[in-house]
Amino acid sequence: MDNFHSTLLFLLLLLLLPLLVSCSERQVYIVYFGEHSGEKTLQEIEENHHSYLLSVKETEEDAKSSLVYSYKRTINGFAALLTPHEASKLSKKEEVVSIFRSHPQKYSMHTTRSWEFAGVEEAIKPENMKKEDIWLKSRYGKDVIVGLLDNGVWPESKSFNDEGMGPIPKSWKGFCQTGDEFNWSHCNKKIIGARYYIKGYEAYYGPLNRTLDYHSPRDKDGHGTHTSSTAAGRIVNNISALGGFAAGTGSGGAPLARLAIYKVCWAVPGHGKEDGNTCFEEDMLAAIDDAVGDGVDVLSISIGTKNPQPFNQDGIAIGALHAIKRNVVVACSAGNSGPTPSTLSNPAPWIITVAASSVDRMFSSPVVLGNGIKLTGQTVTPYKLQKKLYPLVYAGQIVNPDVPQNISGQCLPGSLSPEKAKGKIVMCLRGNGTRVGKGMEVKRAGGTGFILGNSLANGDELAADAHILPATAVSYQNALKIMDYILHSAKPPTAYIVPGTTVLHTKPAPFMAAFSSRGPSTITPHILKPDITAPGLNILAAWSQASSPTKMDADKRVVNYNILSGTSMSCPHIAGAAALLKAIHPAWTTAAIRSALITSAGLINNQGNAITDASGNPADPFQFGGGHFRPSKAADPGLIYDASYQDYLAYLCSTGYKIIDPSFNCSEHALPPLNLNYPSLAIPQLRDTFTAVRTVTNVGSSRSIYFVSVKPPGGISVKIWPPILYFNRLGQKRTFTITVKVVSEIRGGLQKGKYGFGWYTWSDGIHNVRSPMAVSV
């Protein structure tokens with residue numbers, strides 16, 4: 001071979017080398033078979049999974065060592081270390097429904113006042129007890145088992161005490177797993193089970209760094225403790241955050257429900273605690289498989305991804321479908337990627353997808369400018385300025401020379417000049433970096449105080465943070481006023497930050513949080529998501545003693561309760577409400593509970609006006625679904641839209657997914673997606689006319705008559721037939737059609753691809769069963 005060809009061959013090998021390496025590199029893949037077929041023991045199921053691995057592995061030892069999890073209680077599948085070539089060979093087997101690679105960091109974790117604001121907490125005070133109180137009806141959610149997939153629990157919190165609770169329900173089959181700083185005694189009659197799942201995490205990152213997290217169900221971060229206590233924490237008197245904020249009596253939604261903890265999220269190596277945790281699908285699937293087998297009634301999963309996957313590649317969706325077959329309610333967070341449209345997580349129609357909104361409480365900390373103007377702000381920092389005016393500067397005026405102009409005002413680490421910041425109040429803008437991290441930078445540079453100005457997207461939504469120096473957050477409009485004062489004041493600008501105080505009954509409330517992810521869903525545009533909204537802005541709940549209120553390494557404070565924002569906080573509100581409904585209506589299906597919550601939700605704020613977004617503009621069902629949750633109304637919804645596991649299989653058939661149950665015949669049962677019996681209606685790209693079918697079940701009065709009323713989307717006509725439904729017994733079903741048509745004479749005025757929103761409501765004079773509609777042309 002001449003030198004030219006030798007050189008060419010060498011170059012080709014160099015080009016092919018990365019491809020050859022990637023083909024041989026082992027990664028975790030999830031191999032999913034759907035439902036278990038026939039009666040098999042757990043050992044037989046695992047042996048069957050092992051046989052599939054043997055079919056693509058060279059040796060018995062290689063097959064055995066590659067297995068990460070064998071899902072065998074409710075889900076049929078396994079997670080294993082495979083090369084892309086091995087995964088491809090397995091995917092060709094007829095029995096395999098889907099096979100997909102686990103994506104590192106694809107998933108992440110997305111209350112004194114909130115339950116009272118939702119109309120649930122009246123029964124805390126004996127003088128307020130009424131026969132219709134949902135807590136009394138449900139006996140405070142007694143003995144319903146709520147499972148939490150999160151990053152563990154701090155069991156010593158008073159929110160998890162078991163004083164006065166009875167024996168653990170006989171239906172419970174789980175256990176208490178021991179590990180770092182966690183033993184069997186940390187479970188009790190409240191926390192009746194705790195497990196952790198780390199094999200997927202360690203397959204990617206290697207052994208856990210135990211200075212970052214506990215190798216056990218114990219929560220080092222705080223997030224899992226917060227969500228658990230929000231859903232089902234005990235009633236605890238005299239709690240507050242940071243020495244006085246949000247003081248009062250705290251409780252979860254179902255204070256006598258039992259808790260089962262499934263730790264699936266872990267600290268990311270090489271990152272600070274404030275950067276959050278990561279959660280691997282193979283670990284979550286194992287947790288859901290165990291949780292359903294353990295006997296949970298409700299699952300709360302405040303975890304999601306910014307890049308939703310098809311259902312056959314979505315670990316949460318797969319696990320949730322198997323859960324609802326066993327009548328386990330699954331509530332999931334919609335995500336924190338708002339206000340951009342089409343950003344929501346967890347869009348599967350068998351999941352309750354939860355958005356986030358505010359409560360009627362603020363932590364007032366105004367800014368007083370040197371010209372006498374006083375502007376509203378919020379904070380929960382306990383640090384205070386001396387009562388005097390301080391020099392005020394905009395961060396962009398005091399940055400180091402090498403900081404790019406487009407980020408100069410955002411107070412990123414190392415950006416501020418200590419010579420120019422010392423002794424001043426610094427105004428920073430939201431954008432890149434964390435809110436608390438910006439205050440850290442101001443303090444590092446010697447600033448005396450810190451004002452965080454909202455961006456246009458954040459509007460009036462103010463996250464109350466536990467800053468480590470005197471600080472407050474202001475709305476977008478107030479940020480503009482402060483900037484105008486700084487840049488155009490005839491005298492050197494000055495300001496004072498008033499110490500924070502808790503203010504109740506603020507208006508308007510609720511409004512939608514700007515961070516809350518929005519529809520339409522990119523995976524299921526024919527299912528209106530999110531389903532509902534619940535409090536998720538500035539929520540007080542229990543906290544881990546191993547984490548500071550800001551999660552920043554430089555913050556050494558320890559608190560029992562902390563204030564957090566996110567759809568992670570709204571999701572356990574719905575899980576808690578579902579537990580109450582389970583206690584009142586144990587025979588209801590998961591679809592019935594979702595229907596009751598959606599159709600009874602509220603659309604009006606405490607000023608009597610329509611719910612708005614964070615900027616004061618009218619909100620719509622792609623932000624709040626059916627509306628703001630009202631658990632007491634949901635306990636008596638009048639009518640429900642029910643759906644079975646088989647209905648979801650029929651829906652999957654019609655949407656092109658390989659069926660997960662070999663006994664189910666798609667050709668006989670395929671159900672058009674728009675005819676899934678959902679309590680809302682979404683029609684993307686309506687061309688002329690479409691007729692959808694719905695069925696309602698009477699759960700109100702035995703003899704009743706319901707009349708329909710319609711508020712159609714603009715440019716659309718909606719006709720419902722029949723317009724009157726007669727019922728003469730409980731449990732009776734009635735079917736109706738919804739014919740949606742583009743009004744021809746104004747078709748040209750409709751903007752293609754844009755959605756219009758409307759409602760249809762069945763009413764018997766007592767119950768108003770309202771369903772949202774979204775239609776695009």
Side-chain angles (χ1 to χ4, degrees), residues 270-275 365-371 373 375 377-379 381 383-386 388-459 461-497 514-515 550-555:
H271 292 67
K273 287 185 289 186
E274 69 276 10
D275 291 326
S365 175
V367 176
V368 179
L369 302 180
N371 60 7
I373 293 176
L375 301 170
Q378 285 203 59
T379 192
T381 179
Y383 301 105
K384 304 174 183 178
L385 292 171
Q386 294 181 27
K388 65 176 185 177
L389 292 171
Y390 292 80
L392 173 66
V393 294
Y394 166 55
Q397 299 173 318
I398 59 169
V399 292
N400 293 316
D402 58 343
V403 176
Q405 186 174 357
N406 65 320
I407 58 170
S408 64
Q410 295 185 22
C411 297
L412 299 181
S415 65
L416 300 181
S417 165
E419 292 78 14
K420 298 177 181 178
K422 186 176 181 180
K424 298 179 175 67
I425 293 176
V426 181
M427 166 82 169
C428 305
L429 302 179
R430 287 183 70 169
N432 297 326
T434 65
R435 299 186 304 268
V436 174
K438 294 174 188 290
M440 289 268 192
E441 172 59 13
V442 172
K443 185 174 183 180
R444 179 204 65 80
T448 298
F450 162 52
I451 300 170
L452 179 63
N454 269 3
S455 66
L456 175 61
N458 299 117
E461 170 200 290
L462 298 178
D465 296 306
H467 296 288
I468 62 169
L469 76 170
T472 193
V474 298
S475 69
Y476 174 67
Q477 291 298 327
N478 283 347
L480 291 179
K481 292 175 183 177
I482 295 171
M483 286 289 293
D484 183 68
Y485 168 67
I486 292 172
L487 298 176
H488 300 108
S489 175
K491 298 179 180 179
T494 57
Y496 170 65
I497 300 173
F515 61 74
T550 64
K551 302 188 190 180
M552 306 286 281
D553 291 333
D555 186 358

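- Here the side chain of N371 pairs a donor or acceptor atom with the backbone of I373 at under 3.5 angstrom.
- For P401, there are no side chain to side chain contact (heavy atoms under 4.5 Å, CB included) partners at least two apart in sequence or on another chain.
- Checked against side chain to side chain donor-acceptor pair (under 3.5 Å), E441 has the following partners two or more places apart in sequence or in another chain: R444.
- Note on residues 421-444: no pairs pass ring pair (Phe, Tyr, Trp, His ring centres under 6.0 Å), not counting sequence neighbours.
- Atom OG of S408 is separated from atom CG of L416 by 10.0 Å, given to the nearest 0.5 angstrom.
- Rounded to the nearest 0.5 Å, atoms CG (L375) and CD1 (I482) are 5.5 Å apart.
- At a threshold of 4.5 Å between non-hydrogen side-chain atoms, the residues L452 and V474 do not count as touching.
- For L480, the side chain to side chain contact (heavy atoms under 4.5 Å, CB included) partners at least two apart in sequence or on another chain are Y476, Q477.
- S365 approaches A471 most closely through the heavy-atom pair OG-O, 4.0 Å.
- Considering OH of Y496 and NZ of K388, their distance stands at 11.5 Å, rounded to 0.5 Å.
- Every pair passing salt bridge (charged side-chain N to carboxylate O under 4.0 Å, His left out) that includes a residue from residues 465-474 is listed here, sequence neighbours excluded: R435-D465.
- Under the side-chain contact (heavy atoms from CB on, under 4.5 Å) rule, L369 has a single partner from T494, L389, L392, which is L392.
- Of the residues T381, L385, V442, the one that meets the side-chain contact (heavy atoms from CB on, under 4.5 Å) test with L469 is V442.
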side-chain contact (heavy atoms from CB on, under 4.5 Å) assessment of V367 paired with N478: CA-CA 9 Å; V367 176; N478 283 347; over 6 Å; no

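- Put simply, the side chain of V403 does not reach to within 4.5 Å of the side chain of L412, judged on heavy atoms.
- The side chain to side chain donor-acceptor pair (under 3.5 Å) contacts involving residues 479-491 comprise D484-H488, where partners must be two or more places apart or lie in separate chains.
- Counting heavy atoms from C-beta outward, I468 and K443 have side chains that approach closer than 4.5 Å.
- The ring pair (Phe, Tyr, Trp, His ring centres under 6.0 Å) analysis of residues 402-456, with sequence neighbours excluded, yields the pairs F450-H467.
- Between A479 and G453 the shortest heavy-atom distance is CB-CA, 3.8 Å.
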Side-chain polar contacts of residues 418-431 - donor-acceptor pairs under 3.5 angstrom, sequence neighbours left out - could you list them?
{"residue": "E419", "atom": "OE1", "partner": "S417", "partner atom": "OG", "Å": "3.0"}
{"residue": "K424", "atom": "NZ", "partner": "K420", "partner atom": "O", "Å": "3.1"}
{"residue": "R430", "atom": "NH1", "partner": "N454", "partner atom": "OD1", "Å": "3.1"}

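- With sequence neighbours excluded, the residues that form a side chain to side chain contact (heavy atoms under 4.5 Å, CB included) with A554 are M440.
- Residues M552 and V436 share a closest heavy-atom pair of CG-CG1, 3.8 Å.
- Rounding to the nearest 0.5 Å places CG of N458 at 9.0 Å from CG of L456.
- A pairwise comparison of heavy atoms in A514 and A457 identifies CB-O, 3.3 Å as the closest pair.
- One finds the CG atom of N432 at 12.0 Å from the SG atom of C411 (value rounded to the nearest 0.5 Å).
- Residues passing the side chain to side chain contact (heavy atoms under 4.5 Å, CB included) test with Q397 are V393, Y394, I486, L487, sequence neighbours excluded.
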